[in-house]
Amino acid sequence: VSNAGVGMVGPLECQSLAAMQSLMDTNFFGLVRLVKEVLPDMKRRRRGHIVVISSIMGLQGTRGERGTLVGAAPLPALTRTPLPHPGIVFNDIYAASKFAVEGFCESLVVQALRFNVAISLVEPGPVLTEFEAKLYEEAARADYSQTDPETADIFTNIYLRNSKDMFTSLGQTPEDIAEHTLRVIEAARPPFRHQTNAVYTPMTALKHADPSGALMTDAFYKLVFKYDAVLRLSLR
């Protein structure tokens, strides 16, 4: 099971290339190094199962909240379908590392199956851990003078303001993620992908419904920058 990972949030201009490279070295190349070590023996034995803790952000680049997409239903229906939260911005490098993980495994799984080796991606959303809490505490104290005032304001007054409510309303416990992972490990036919929170299924469907990406991009933009009152209401 590959579970190593670090996080990064904030305006891109405020992140150093060294910090970005360090994150990629842990989140992506850490997995690559592990697989290089274990895969040859699994191929020789023609048996094995590699389980990778990925993230929903390796599929979407977003996280989500309970609610509705704007225009999909009246406000009283706010608990019916998922509503994206400001995680659609300011997770650029972390999301890139998880997209790399997903692409690496998508390519490798076909070859691995030839040797009866299974690969499974477990894709959680927010998880209530000290890892996440520390990440956002540090973000609240960071210096954002290297970006423009408007971007800094969006990050501190939209993203960070809603993050605590997001984790409270939707975050899963580490124990819950462990139970999902155990089910994947014990499965007679291990799935390639396993999302731990069904609330994200419509979000990934939205991405694939329009290959141009316009539908997803327009919906998320309007939600974050035009209908922020609805966004905040959905987090309560």
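Considering all non-hydrogen atoms of both residues, Pro124 and Thr196 come closest at CA-OG1, 3.3 Å. Closest heavy-atom contact between Ser97 and Phe28: O-CB, 4.4 Å. In terms of heavy atoms, Gly10 sits closest to Asp92 at O-OD2, 4.1 Å. In terms of heavy-atom proximity, Ile93 sits nearest to Leu23 at O-CD2, 3.8 Å. The minimum heavy-atom distance between Ser16 and Ala19, with the atom names listed, is OG-N, 3.0 Å. Closest of all the heavy-atom pairs between Tyr144 and Ala152 is CB-CB, 4.1 Å.
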For the pair Ser120 and His49, evaluate side-chain contact (heavy atoms from CB on, under 4.5 Å) and give the outcome as yes or no after the intermediate values.
CA-CA 8 Å; Ser120 295; His49 187 189; 2.8 Å; yes
Using the side-chain contact (heavy atoms from CB on, under 4.5 Å) rule, take Leu160 and Phe90 through it: C-alpha gap first, then chi angles, then the decisive distance, then the call.
CA-CA 10 Å; Leu160 288 181; Phe90 302 118; over 6 Å; no
Check step by step if side-chain contact (heavy atoms from CB on, under 4.5 Å) holds for Val101 and Ser2.
CA-CA 11 Å; Val101 165; Ser2 173; over 6 Å; no
Show the numbers, then the answer: is there a side-chain contact (heavy atoms from CB on, under 4.5 Å) between Met42 and Ile50?
CA-CA 10 Å; Met42 290 182 176; Ile50 299 171; 3.8 Å; yes
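Both Val35 and Leu121 belong to a single network of hydrophobic side chains, linked directly or stepwise wherever heavy atoms of I, L, V, M, F, W or Y lie under 4.5 Å apart. In this structure, Leu59 is a member of the same hydrophobic cluster as Tyr94, with clusters built from ILVMFWY side-chain heavy atoms closer than 4.5 Å. Both Val52 and Leu113 are assigned to one and the same hydrophobic cluster, defined by single-linkage of ILVMFWY side chains at heavy-atom distances under 4.5 Å. Val6 and Leu12 fall within the same hydrophobic cluster, where Ile, Leu, Val, Met, Phe, Trp and Tyr residues are linked whenever their side-chain heavy atoms come under 4.5 Å apart, directly or through other members. One hydrophobic cluster holds both Val109 and Val38 under the rule that ILVMFWY side chains link at heavy-atom gaps under 4.5 Å.
If you check the side chains of Asp148 and Thr151, you find a donor sitting under 3.5 Å from an acceptor.
Taking the side chain as every heavy atom from C-beta outward, Val9 and Phe155 approach each other to under 4.5 Å. Two residues are said to be in side-chain contact when any heavy atoms from C-beta on lie closer than 4.5 Å; Ile119 and Gln111 fail this criterion. Within the 4.5 Å cutoff, the side chain of Arg33 has heavy atoms near those of the Asp25 side chain. The closest side-chain heavy-atom distance from Leu39 to Leu108 is below 4.5 Å. Side-chain contact between Val184 and Pro191 is present, with at least one heavy-atom pair separated by less than 4.5 Å.
The side chain to side chain contact (heavy atoms under 4.5 Å, CB included) test with Glu123 singles out one residue from Met57, His194, Lys98, Gln195, and that residue is Gln195.
To the nearest 0.5 angstrom, Ser54 atom OG is 9.5 Å from Phe99 atom CZ. Atoms CD and OG1, from Gln15 and Thr147 in turn, are 10.5 Å apart once rounded to the nearest 0.5 Å. Atom CG of Asn3 and atom CG of Leu31 lie 11.0 Å apart (nearest 0.5 Å).
A salt bridge links Glu102 with Arg193: the closest approach of a Lys/Arg side-chain nitrogen to an acidic carboxylate oxygen falls below 4.0 angstrom.
Within a 6.0 Å sphere centred on CZ of Phe192, heavy atoms belonging to other residues, nucleotides or ligands number more than 12. Annotation for Arg183: atom CZ counts as buried by contact number, over 12 foreign heavy atoms lying within 6.0 Å.
With hydrogens and angles disregarded, a donor-acceptor distance shorter than 3.5 Å links the side chain of Asp210 to the backbone of Leu215. A donor-acceptor pair under 3.5 Å links the side-chain atoms of Thr181 to the main chain of Ile177, judged by distance alone.
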